[in-house]
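To start, the structure itself, in structure tokens.
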Amino acid sequence: MLTLYYYPGACSLAPHIILEEGEFEFELKLVDLHEKKTGSGRDFLEINPKGYVPALAFEDGTVLTEVVAILQYLGDQVPDKGLVPKSGTMDRYRLQESLSYLSSEVHKLFGVFYDPNISDKYKDETKKKILSRFSYLSGQLGERAYLMGEQYTVADAYLFTLLGFTTHFGIELPSNSHLLEYMGRVLQRPSVVNTLKKEGLIE
Ligand SMILES: N[C@@H](CCC(=O)N[C@@H](CS)C(=O)NCC(=O)O)C(=O)O
């Protein structure tokens, strides 16, 4: 069985959503990110020396880290669900293009808000940058149902997770953003609702 090391509402939410969507057999293990300990008191750094979630552990004890890698691994295990385009196709490179953008140009920016040594001015500038990145994504989405088109993919689980960060940090999307309606659409998926419930984020 797979084990997902997670923290509620953190970026580990994205692989959690895909584990639910793909109907995988898995267990969740909560990580105390300050103490770097699991619920049973185990040193989390022994599991992921990088010290952050998500980490996906396999029965043989090996561990896969990084949201982008875990999402694609999971998607590839359930090809019939269409969560990732087939490897080697142009559509797959388009998906990787979007995942890389979400990871390095959006996700990474949120790290600034946790750093007490970073000035409020820099944090305000970062909020503006995040809004401009979401504005680009709103344009990419346009009238389409999902980020890559009509098909729901792992990129949507990641984008939905990052959109969840905006409320936490008081970043308000403009009322004309396609992402607002998009969030509601993704929230209609039973796998997303189940995941949010399991993480205690909704009732
Ligand atoms: N590059 C990593 C970043 C993961 C990451 O930033 N995880 C955050 C939660 S969203 C975390 O666990 N932070 C705790 C820490 O770094 O101490 C990935 O994409 O998986």
Side-chain angles (χ1 to χ4, degrees), residues 2 4 6 9-24 26 50 52-56 63-111 126-166 171 173-174 176-196:
L2 296 168
L4 179 70
Y6 84 110
C11 50
S12 44
L13 184 71
H16 188 181
I17 288 172
I18 295 304
L19 283 161
E20 289 284 339
E21 183 81 32
E23 298 175 84
F24 286 85
F26 68 99
K50 294 170 180 170
Y52 51 65
V53 293
L56 185 72
V63 173
L64 185 65
T65 62
E66 301 300 320
V67 173
V68 168
I70 297 172
L71 287 177
Q72 291 187 77
Y73 168 79
L74 293 174
D76 279 330
Q77 303 315 301
V78 286
D80 293 349
K81 304 256 179 204
L83 294 167
V84 291
K86 206 166 170 293
S87 218
T89 61
M90 194 59 196
D91 283 349
R92 181 59 172 260
Y93 295 114
R94 288 289 173 210
L95 176 82
Q96 287 178 354
E97 184 181 33
S98 286
L99 291 174
S100 297
Y101 186 75
L102 292 173
S103 174
S104 59
E105 305 301 332
V106 186
H107 183 179
K108 203 70 209 160
L109 290 178
F110 283 97
T126 303
K127 281 188 183 177
K128 283 187 204 148
K129 201 180 251 185
I130 289 172
L131 280 170
S132 83
R133 302 270 152 90
F134 279 130
S135 165
Y136 172 79
L137 289 163
S138 170
Q140 179 180 340
L141 186 65
E143 301 300 325
R144 303 194 291 195
Y146 298 111
L147 194 58
M148 307 313 297
E150 294 314 304
Q151 175 67 38
Y152 177 81
T153 70
V154 296
D156 297 298
Y158 199 4
L159 175 53
F160 178 81
T161 297
L162 298 177
L163 285 166
F165 291 2
T166 57
I171 300 172
L173 295 172
N176 62 354
S177 174
H178 293 296
L179 294 171
L180 294 171
E181 209 181 313
Y182 167 81
M183 271 197 279
R185 192 174 309 125
V186 175
L187 248 179
Q188 279 168 20
R189 300 185 80 83
S191 68
V192 174
V193 174
N194 284 343
T195 307
L196 294 175

Nearest-0.5 Å distance, CG of residue L141 to OH of residue Y146: 10.5 Å
Side-chain donor/acceptor of S103 to backbone N/O of L99, under 3.5 Å: no
Any E20 side-chain heavy atom under 4.5 Å of R189 side chain: no
State, with a plain yes or no, whether a side-chain heavy atom of L2 is found less than 4.5 Å away from one of L56. yes
Considering non-hydrogen atoms only, spot the tightest contact between T166 and F134 and give its length. CG2-CE1, 3.5 Å
What are the two closest heavy atoms between L64 and I70, and how far apart are they? O-CD1, 3.4 Å
Of all heavy-atom pairs linking P174 and L180, the shortest is O-CD1, 3.4 Å
Can you check whether H178's main-chain N or O pairs, donor with acceptor, with S138's side chain at less than 3.5 Å? yes
Test side-chain hydrogen bond (donor to acceptor under 3.5 Å, both in side chains) applied to K128 - qualifying residues, sequence neighbours left out: E125
Identify, with sequence neighbours excluded, every residue that meets side-chain hydrogen bond (donor to acceptor under 3.5 Å, both in side chains) alongside S191. E21
Side chains of V78 and L83: closer than 4.5 Å at any heavy-atom pair? yes
Which residues pass the side chain to side chain contact (heavy atoms under 4.5 Å, CB included) test with H107, not counting sequence neighbours? C11, V67, Y158, L162, F165
Flag the pair I171 / L131 as yes when at least one side-chain heavy-atom distance between them is below 4.5 Å, and no otherwise. yes
Quick one: side chain to side chain contact (heavy atoms under 4.5 Å, CB included) partners of D91, sequence neighbours excluded? P85, T89
How would you list all residue pairs meeting salt bridge (Lys or Arg N to Asp or Glu O under 4.0 Å) that involve residues 70-84, not counting sequence neighbours? E23-K81, D76-R92
Sequence-distant partners of R144, side chain to side chain contact (heavy atoms under 4.5 Å, CB included), two or more places apart: Q140, E150
Heavy-atom check, side chain of L13 versus side chain of Y6, under 4.5 Å: no
What are the two closest non-hydrogen atoms of V63 and A55, and how far apart are they? CG1-CB, 3.9 Å
Point-to-point distance, once rounded to the nearest 0.5 Å, from CD of Q96 to CG of L71: 11.5 Å
Please report the closest heavy-atom contact between A155 and L102, naming both atoms and the distance. O-CD1, 3.7 Å
Close side-chain approach of L4 to P15, heavy-atom, < 4.5 Å: yes
According to salt bridge (Lys or Arg N to Asp or Glu O under 4.0 Å), does anything in residues 177-186 pair up with another residue at least two apart or in another chain? List the pairs. E181-R185
Partner set under side-chain hydrogen bond (donor to acceptor under 3.5 Å, both in side chains) for Q151, not counting sequence neighbours: none
Scan residues 94-104 for pairs that pass salt bridge (Lys or Arg N to Asp or Glu O under 4.0 Å), counting only residues two or more places apart or in two chains. R94-E97
Might you point out which heavy atoms bring A69 and T65 nearest each other, and give the distance in Å? CB-O, 3.6 Å
Trace of the side chain to side chain contact (heavy atoms under 4.5 Å, CB included) decision for L74 with V154: CA-CA 9 Å; L74 293 174; V154 296; 5.9 Å; no
Under the ring-ring contact (aromatic ring centres under 6.0 Å, His included) rule, what pairs show up with a residue in residues 66-98, not counting sequence neighbours? F58-Y73
For L163, which of L173, L137, V186 qualifies under side-chain contact (heavy atoms from CB on, under 4.5 Å)? L173
If the condition is side chain to side chain contact (heavy atoms under 4.5 Å, CB included), which residues does K129 pass it with, not counting sequence neighbours? L109, R133
Does the side chain of F110 reach to within under 4.5 Å of the side chain of I130, using non-hydrogen atoms? yes
Partner residues of Y182 under the side-chain hydrogen bond (donor to acceptor under 3.5 Å, both in side chains) criterion, sequence neighbours left out: D156
Contact check, side chains of F160 and L196, non-hydrogen atoms, under 4.5 Å: yes
